[in-house]
Amino acid sequence: MEEVKNKFIVIKGHINGAPSESDFEIKTETISLSAIRNTSKEYYVIVKNLYVSVDPYQLNRMKAQSSSQSAISFAAPIIPGHAIDTYGVGRVVESGGRSDLAKDELVVGLLTWGEYTVIAHEEEGIRLLNKLDADVALPLSHYVGTLGFSGLTAYGGFYQVCKPKKGESVFVSAASGSVGSLVGQYAKLFGCHVVGCAGTQQKVDLLKKKLGFDDAFNYKDETDLNSALKRYFPKGIDIYFDNVGGKMLEAAIGNMNTFGRVAVCGAISEYTGGGRGANLDMLDVVYKRIIIQGFLAADYLNCYSDFISTTIDHLRNGKMHALSDISHGVESVPLAFIGLFRGHNIGKMIVQIAN
């Protein structure tokens, strides 16, 4: 095989509001393996993508301008017409300069929304791709979500940012999503009282019956979020794990206990421009001495091995459940991405590109 056809997803132009199908297109290119060999003197790797991640933060990269774009390399702007990088699992077709990335090895790391990923001339890109020592008892898709950056975000955010104590009350927004569903489970295993919110009754039932949340509610049924949180947390909130921002963050701050902690993981309600930003009561923050901290998964790479060993153990023993929402084929990437902003997913949104 000296040539392969590669279909991949691009944006046609910058997306400054809610994404739609018309914002995306599928391109096709021919990848010449011999040409890559001849021009890449030190490093190259060609990967057949198997599973790729679909994440809300990508929308901020697609905008003409966002303050997040200059914060870290993972959030760099996406250029219209160019391949879109993402986290994923694949199989090596061919490589040079990395003896550990032999043909047919499974790898995990920075891939693309496409059928193949080519990394050539980029030592940094090669470093972000690693051999996957997969646990044969676990599906490969787990390494994109629960055992990938979503899982590390939940683990690092809960244990390192929230600094929980047994018996504390924890509130998780977007609790049926890729990160929130894991945070709630970590919190229950730690010995906390956990309440989550979600956008449908089906998701609320799943949180309580499958994931073991102490309680959950549909925020769309609540006309007054502040009163709703008072009802679910009559003794106040010690930890709020925020995935949505906006009015929910305001209500949570209003119900926090003294010395409460807020881990700000995301603000999806504000990404599309349709919702207003949070207007916090700063007197509550000051007099209750509330700590509000934003963070990224990359901040906690130092606890990656602990995260992996702990989470695999919980999964094997049935103490945790990995929720995945898997679409099939590269053509399904745009709809999967759009679905994130319409509340369609339960758990981690993943696209399976190939078997």
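In what follows, residues are counted from 1 in the order of the sequence shown.
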Participant: Give the cluster check for Val330 versus Val93: same hydrophobic cluster or not, with ILVMFWY residues linked at side-chain heavy-atom distances below 4.5 Å.
Facilitator: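 As far as the 4.5 Å side-chain criterion goes, Val93 and Val330 are not connected within one cluster.
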
Participant: Go through the steps for Tyr232 and Phe217 under the test ring pair (Phe, Tyr, Trp, His ring centres under 6.0 Å), then give the verdict.
Facilitator: CA-CA 9 Å; Tyr232 284 97; Phe217 65 93; 4.8 Å; yes

Participant: Sub-3.5 Å donor-acceptor pair from the side chain of Gln58 to the main-chain atoms of Val54, do we have one?
Facilitator: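 Pair absent, no side-chain N/O of Gln58 close to backbone of Val54.
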
Participant: Quick one: OG on Ser66 to CZ on Arg61, what's the gap to the nearest 0.5 Å?
Facilitator: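 Rounded to the nearest 0.5 Å, the OG-CZ separation comes out at 11.0 Å.
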
Participant: Hey, quick one: are Val108 and Val351 part of the same hydrophobic cluster, counting side-chain heavy atoms closer than 4.5 Å, chains of contacts allowed?
Facilitator: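 Different clusters.
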
Participant: Arg261 vs Ile290, test: side-chain contact (heavy atoms from CB on, under 4.5 Å). Steps then yes/no.
Facilitator: CA-CA 6 Å; Arg261 287 87 71 205; Ile290 298 168; over 6 Å; no

Participant: Keeping the roles fixed (side chain from Asp214, backbone from Val195), state whether a donor-acceptor pair exists under 3.5 Å.
Facilitator: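 Here the side-chain-to-backbone pair does not exist.
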
Participant: Are Val179 and Ile312 connected in the hydrophobic side-chain network, where two residues link if heavy atoms are under 4.5 Å apart?
Facilitator: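 The answer is yes; both residues are in one hydrophobic cluster.
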
Participant: With a 4.5 Å limit on heavy-atom distance, are the side chains of Tyr159 and Phe190 in contact?
Facilitator: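 They are in contact (side-chain heavy atoms under 4.5 Å apart), so the answer is yes.
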
Participant: Set out, in order, the CA-CA distance, both residues' side-chain angles and the distance that settles side-chain contact (heavy atoms from CB on, under 4.5 Å) for Tyr44 and Glu94, then state yes or no.
Facilitator: CA-CA 8 Å; Tyr44 74 90; Glu94 188 173 319; 2.9 Å; yes

Participant: Could you give the distance from NZ (Lys48) to CG (Asp104), rounded to the nearest 0.5 Å?
Facilitator: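 If we round to the nearest 0.5 Å, Lys48:NZ and Asp104:CG are 11.5 Å apart.
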
Participant: Taking NZ, NE, NH1 and NH2 as the nitrogens, is one of them in Glu105 or Lys131 under 4.0 Å from a carboxylate oxygen of the other?
Facilitator: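 Counted as a salt bridge, because a side-chain N and a carboxylate O are separated by less than 4.0 Å.
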
Participant: Check for me, please, whether Phe171 and Leu225 land in the same ILVMFWY cluster - side-chain distances under 4.5 Å, paths through other members count.
Facilitator: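 As far as the 4.5 Å side-chain criterion goes, Leu225 and Phe171 are connected within one cluster.
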
Participant: So, applying ring pair (Phe, Tyr, Trp, His ring centres under 6.0 Å) with Tyr186, which one of Phe241, Tyr155, Phe307 is it?
Facilitator: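 The passing option is Tyr155.
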
Participant: Kindly give the heavy-atom pair with the smallest separation between Phe341 and Pro56, and that separation in Å.
Facilitator: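 Smallest interatomic distance, heavy atoms only, reads CZ-O, 3.6 Å.
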
Participant: With side-chain contact (heavy atoms from CB on, under 4.5 Å) as the test, would you mind laying out the steps for Thr258 and Arg289 before giving the verdict?
Facilitator: CA-CA 6 Å; Thr258 302; Arg289 284 87 92 196; 3.9 Å; yes

Participant: Do any N or O atoms from the side chain of Asn60 and from the backbone of Ser68 form a donor-acceptor pair under 3.5 angstrom?
Facilitator: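 Looks like no, no N/O pair under 3.5 Å.
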
Participant: Hey, are the side chains of Ile237 and Ser169 touching, using non-hydrogen atoms and a 4.5 Å cut-off?
Facilitator: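 Heavy-atom side-chain distance check fails, nothing below 4.5 Å.
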
Participant: What's the shortest heavy-atom distance between Met62 and Ile11, and which atoms?
Facilitator: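 In this case the closest contact between Met62 and Ile11 is SD-CG2, 3.9 Å.
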
Participant: Is the count of non-hydrogen atoms from other residues, nucleotides or ligands lying under 6.0 Å from Gln202 atom CD greater than 12?
Facilitator: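 Check fails, neighbour count at 12 or below.
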
Participant: Starting at CG of Leu106, measure out to OH of Tyr143 and round the result to the nearest 0.5 Å.
Facilitator: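 Rounded to the nearest 0.5 Å, the CG-OH separation comes out at 10.0 Å.
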
Participant: Please report the shortest heavy-atom distance between Ala216 and Val204, naming the atom on each side.
Facilitator: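 That would be O-CG1, 3.7 Å.
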
Participant: So do Ile46 and Thr117 actually touch side chain to side chain, heavy atoms under 4.5 Å?
Facilitator: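 Contact flag for Thr117/Ile46 side chains = no.
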
Participant: If you take all heavy atoms of Phe158 and Pro164, which pair is closest and at what distance?
Facilitator: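 Looking at all heavy atoms of both residues, the shortest contact is O-CD, 3.3 Å.
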
Participant: Is there a donor-acceptor contact under 3.5 Å from the side chain of Tyr304 to the main chain of Tyr300?
Facilitator: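 A pair under 3.5 Å: no.
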
Participant: If only side-chain N and O atoms count, and only distance matters, is there a donor-acceptor pair under 3.5 Å linking Lys5 with Thr28?
Facilitator: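 No donor-acceptor contact under 3.5 Å links the two side chains.
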
Participant: State, with a plain yes or no, whether a side-chain heavy atom of Gln65 is found less than 4.5 Å away from one of His14.
Facilitator: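 No. Closest side-chain heavy atoms not under 4.5 Å.
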
Participant: Under the 3.5 angstrom rule, does the side chain of Ser332 hit a backbone N or O of Ser327 as a donor-acceptor pair?
Facilitator: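 Not at all, since once roles are kept as given, no pair shorter than 3.5 Å links the two residues.
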
Participant: Is it the case that Lys188 places NZ or CZ above or below the six-membered ring of Phe213, under 6.0 angstrom from the centre and within 45 degrees of the axis?
Facilitator: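 Because its charged atom misses either the 6.0 Å distance or the 45° angle limit, Lys188 does not stack over Phe213.
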
Participant: In terms of side-chain geometry, is the basic nitrogen of Glu270 or Lys247 positioned less than 4.0 Å from the acidic oxygen of its partner?
Facilitator: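 No.
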
Participant: If you measure only the distance, is there a donor-acceptor pair under 3.5 Å linking the side chains of Asp85 and Thr112?
Facilitator: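 No, because no side-chain N or O of Asp85 sits under 3.5 Å from a partner of the opposite role on Thr112.
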
Participant: Using atom types as modelled and distance alone, determine if a side-chain donor or acceptor of Gln293 lies under 3.5 Å from a backbone N or O of Gly157.
Facilitator: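 Not confirmed, Gln293 side chain does not pair with Gly157 backbone.
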
Participant: I'd like to know if the side chain of Tyr57 pairs up with that of Asp55 as donor and acceptor (distance under 3.5 Å, no hydrogens or angles considered).
Facilitator: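 Side chains of Tyr57 and Asp55: no pair found under 3.5 Å.
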
Participant: Decide whether Ser324 and Ser141 meet the rule of one side-chain donor and one side-chain acceptor closer than 3.5 Å.
Facilitator: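 Side-chain D/A pair, Ser324 to Ser141: absent.
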
Participant: In terms of hydrophobic clusters joined by side-chain contacts under 4.5 Å, are Ile326 and Leu147 together?
Facilitator: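 Yes; tracing contacts between hydrophobic side chains, which count when under 4.5 Å, links both residues.
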
Participant: To the nearest 0.5 Å, tell me how far Lys210 NZ sits from Gln185 CD.
Facilitator: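 With rounding to 0.5 Å, NZ (Lys210) is 9.0 Å from CD (Gln185).
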
Participant: Could you tell me whether a side-chain N or O of Arg91 sits under 3.5 Å from a main-chain N or O of Leu50, the two making a donor and an acceptor?
Facilitator: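 No.
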
Participant: Regarding Glu168 and Lys235, does a basic nitrogen lie under 4.0 Å from an acidic carboxylate oxygen?
Facilitator: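 No, this pair does not count.
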
Participant: Between the main-chain N or O of Lys319 and the side-chain N or O of Asn317, is there a donor-acceptor pair closer than 3.5 Å?
Facilitator: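 Checked: no pair found.
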
Participant: Side chains of Lys12 and Ser22: any donor to acceptor distance under 3.5 Å?
Facilitator: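 There is no such pair between these side chains.
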
Participant: If you define the side chain from C-beta out and look only at heavy atoms, does anything of Leu59 sit under 4.5 Å from Thr272?
Facilitator: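 Yes. Closest side-chain heavy atoms under 4.5 Å.
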
Participant: Could you check whether Lys7 pairs with Glu331 (Lys NZ or Arg NE/NH1/NH2 to Asp/Glu carboxylate O, under 4.0 Å)?
Facilitator: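 Result for this pair is yes, salt bridge flagged.
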
Participant: If you measure only the distance, is there a donor-acceptor pair under 3.5 Å linking the side chains of Gln201 and Asn218?
Facilitator: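 No pair is found: no donor N or O on one side chain lies under 3.5 Å from an acceptor on the other.
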
Participant: I'd like to check Val52 versus Tyr87 (side-chain heavy atoms, cut-off strictly below 4.5 Å). Are they in contact?
Facilitator: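 No, too far: nothing below the 4.5 Å cut-off.
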
Participant: To the nearest 0.5 Å, tell me how far Leu152 CG sits from Leu301 CG.
Facilitator: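 Separation between the atoms: 6.0 Å.
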
Participant: Checking the side chain of Thr146 only, and the main-chain atoms of His142 only, is there a donor and an acceptor separated by less than 3.5 Å?
Facilitator: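 Not a single qualifying donor-acceptor pair exists.
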
Participant: Can you name the nearest heavy-atom pair linking Gly199 to Tyr219, along with the distance?
Facilitator: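 Heavy atoms only, the tightest pair is CA-CE2, 3.5 Å.
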
Participant: The test is side-chain contact (heavy atoms from CB on, under 4.5 Å); show your working for Leu249 and Leu280 and say whether it passes.
Facilitator: CA-CA 8 Å; Leu249 177 57; Leu280 303 184; 3.8 Å; yes

Participant: Taking all non-hydrogen atoms of both residues, which atom of Ser53 and which atom of Thr86 are closest, and how far apart?
Facilitator: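 Nearest heavy atoms, Ser53 then Thr86: O-OG1, 2.8 Å.
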
Participant: Flag the pair Tyr240 / Asn255 as yes when at least one side-chain heavy-atom distance between them is below 4.5 Å, and no otherwise.
Facilitator: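 No - every pair of side-chain heavy atoms lies 4.5 Å or more apart.
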
Participant: Measure the CG-CE distance between Leu229 and Met256 for me, rounded to the nearest 0.5 Å.
Facilitator: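 Answer rounded to 0.5 Å: 10.5 Å.
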
Participant: A side-chain contact here means heavy atoms from C-beta on lying under 4.5 Å apart; do Leu323 and Leu211 qualify?
Facilitator: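 They are in side-chain contact.
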
Participant: For the pair Lys203 (side chain) and Gly343 (backbone), establish whether a donor and an acceptor sit closer than 3.5 Å, ignoring hydrogens and angles.
Facilitator: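 Flag set: sc Lys203 to bb Gly343 pair under 3.5 Å.
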
